[in-house]
Student: 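Attaching a single structure in structure tokens format; questions to follow.
Hydrogens, waters and symmetry mates play no part in the numbers below; they use all other heavy atoms, side chains included. Counting starts at 1 for both ligands and their atoms, in listed order. Values in this document were obtained by computation on a predicted structure and should not be read as measured data.
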Amino acid sequence: MTQVIRTAAELRDKVAAWKRSGMLVGVVPTMGALHDGHLSLARAAREQSDRVIVTVFVNPMQFNNASDLDKYPRDEAKDLALLEAEGVDVLFAPGVDEVYPDGFATTVSIKGITEPLEGAFRPGHFDGVATVCSKLFGMTQAGRAFFGEKDWQQLQVVQRLVRDLNIPTRIIGCPTIREEDGLAMSSRNVRLTEAEREVAPRLHEIMQLAAAEIRDGVSAQIALTNAEAALLEAGFREIEYLELRTVDGLRPAEDLSEPARMLVALWLGDVRLIDNIAV
Ligand code: PAF
């Protein structure tokens, strides 16, 4: 049975009891609308911890667009059923007032790694992520936290956060889970129309082609320019970024002299998609 907990006080008592019995607590922070990607994180947490908490909180502080926040899919009953099936111990689903009570005045802001890519297009987004993750790590007291590589920059940001603030939570990155046709799983995918859903897998395909070209010695600039043209041709719009960056520190990369990742954010109809792959 997955227990639903809504207050930090009740969660603290639960976790304290587990810890008195020497248990290692794992947490999977999410914003709900759970899919197989989230469930793979819950499974990793199950394997690597004694007790598992999945948090579901649509964090208003990380949305820089009110309509994106309004349209964010929510279905707690379905999430709970999925977590029950995975043997998750606690679904922590606090309300906004529980996380940001009256008078809340703290922002956790990280320099450098938060500035390019998502940070450039979603001002304030990573302040919201870093602040809520600091709170969730504090509220859950988890020894391990599981994050998907799909949000590669977020994973780096959270790793920086726990290092910089000596938060005793180890961050574990887990591989992106994809649909059979290659589309990276995301809660936002349900908002794609049927026609858009057919176009969506072209993103991963075109990225893979560009990655193969770069590995074959084509300059990153040329491969990415060709990929952008192919994406627009396929029906995507407004490519916010399509870049090659170093794995370590997300610095711009011209070639593969250091391990690199290709990262993208673009729009398909009204839905913003992000993805990244190792090159
Ligand atoms: O990746 C997400 O779903 C969110 O950014 C997170 C980590 C749950 C923080 O709100």
Side-chain angles (χ1 to χ4, degrees), residues 5-6 8 11 26-42 44-45 52-65 68-76 78-79 82-83 88 90-100 104 106-110 113-114 117-119 121-140 142 144-162 165 167 169-177 184-191 263 265 271-276:
I5 296 185
R6 300 199 187 272
L11 185 65
V27 66
V28 181
T30 82
M31 297 203 298
L34 302 179
H35 50 66
D36 274 354
H38 297 114
L39 300 181
S40 76
L41 299 177
V52 177
I53 304 170
V54 172
T55 70
V56 171
F57 177 63
V58 183
N59 175 30
M61 197 175 169
Q62 72 187 74
F63 285 79
N64 50 325
N65 175 327
D68 194 23
L69 173 61
D70 283 348
K71 282 192 268 174
Y72 202 84
R74 294 165 171 87
D75 190 344
E76 191 181 294
K78 184 169 167 219
D79 290 346
L82 291 169
L83 296 178
V88 166
V90 165
L91 163 57
F92 180 53
V96 175
D97 292 346
E98 184 67 16
V99 179
Y100 302 120
F104 185 85
T106 299
T107 301
V108 180
S109 192
I110 299 169
I113 190 95
T114 57
L117 306 168
E118 288 300 286
F121 286 90
R122 303 183 67 188
H125 169 68
F126 284 123
D127 284 1
V129 171
T131 304
V132 83
C133 286
S134 308
K135 293 218 51 154
L136 293 171
F137 298 155
M139 289 191 280
T140 60
R144 290 189 181 162
F146 297 78
F147 287 84
E149 288 182 351
K150 154 110 188 322
D151 295 286
W152 184 266
Q153 190 178 11
Q154 170 172 279
L155 179 58
Q156 315 301 311
V157 167
V158 177
Q159 261 155 356
R160 184 81 261 159
L161 167 73
V162 297
L165 297 187
I167 296 175
T169 304
R170 191 168 136 210
I171 305 301
I172 318 274
C174 302
T176 302
I177 304 296
M185 291 197 184
S186 161
S187 304
R188 289 187 169 88
N189 292 351
V190 294
R191 290 178 36 220
L263 301 102
V271 183
R272 185 174 185 272
L273 300 175
I274 63 169
D275 201 349
N276 70 86

Student: Can you report which non-hydrogen protein atom sits closest to atom 2 (C) of ligand 1, along with the distance?
Tutor: Gln154 NE2, 3.9 Å
Student: Give every residue pair that meets the side-chain hydrogen bond (donor to acceptor under 3.5 Å, both in side chains) criterion with at least one member in residues 53-63, sequence neighbours excluded.
Tutor: Asn59-Gln62, Asn59-Tyr100
Student: Any N or O on Asn59 sitting closer than 3.5 Å to an N or O of ligand 1?
Tutor: no
Student: Under 4.0 Å from a heavy atom of Val132: give me the atoms of ligand 1 that qualify, with their elements.
Tutor: 9 (C), 10 (O)
Student: Indicate, with yes or no, if the rings of Phe63 and Tyr72 have centres closer together than 6.0 Å.
Tutor: yes
Student: Provide the number and element of each atom of ligand 1 under 4.0 Å from a heavy atom of Phe147.
Tutor: 7 (C)
Student: Is the shortest distance from a Lys or Arg side-chain nitrogen in Glu118 or Arg272 to a carboxylate oxygen in the other one below 4.0 Å?
Tutor: yes
Student: Just to verify, what does Phe147 make a ring-ring contact (aromatic ring centres under 6.0 Å, His included) with, not counting sequence neighbours?
Tutor: none
Student: Out of Gln159, Arg160, Arg144, which one pairs with Ile171 under the side chain to side chain contact (heavy atoms under 4.5 Å, CB included) rule?
Tutor: Gln159
Student: Classify the contact between Thr30 and ligand 1 as side chain, backbone, both or neither, using a heavy-atom distance cut-off of under 4.0 Å.
Tutor: backbone
Student: Charged N to carboxylate O below 4.0 Å: is that the case for Arg74 and Asp79?
Tutor: no
Student: What is the closest protein heavy atom to atom 4 (C) of ligand 1, and at what distance does it sit?
Tutor: Gln62 NE2, 3.6 Å
Student: What residue and atom, counting heavy atoms only, is the protein's closest point to atom 3 (O) of ligand 1, and at what distance?
Tutor: Met31 CG, 3.6 Å
Student: For Pro29, counting its heavy atoms only, list the atoms of ligand 1 lying under 4.0 Å from any of them.
Tutor: 8 (C)
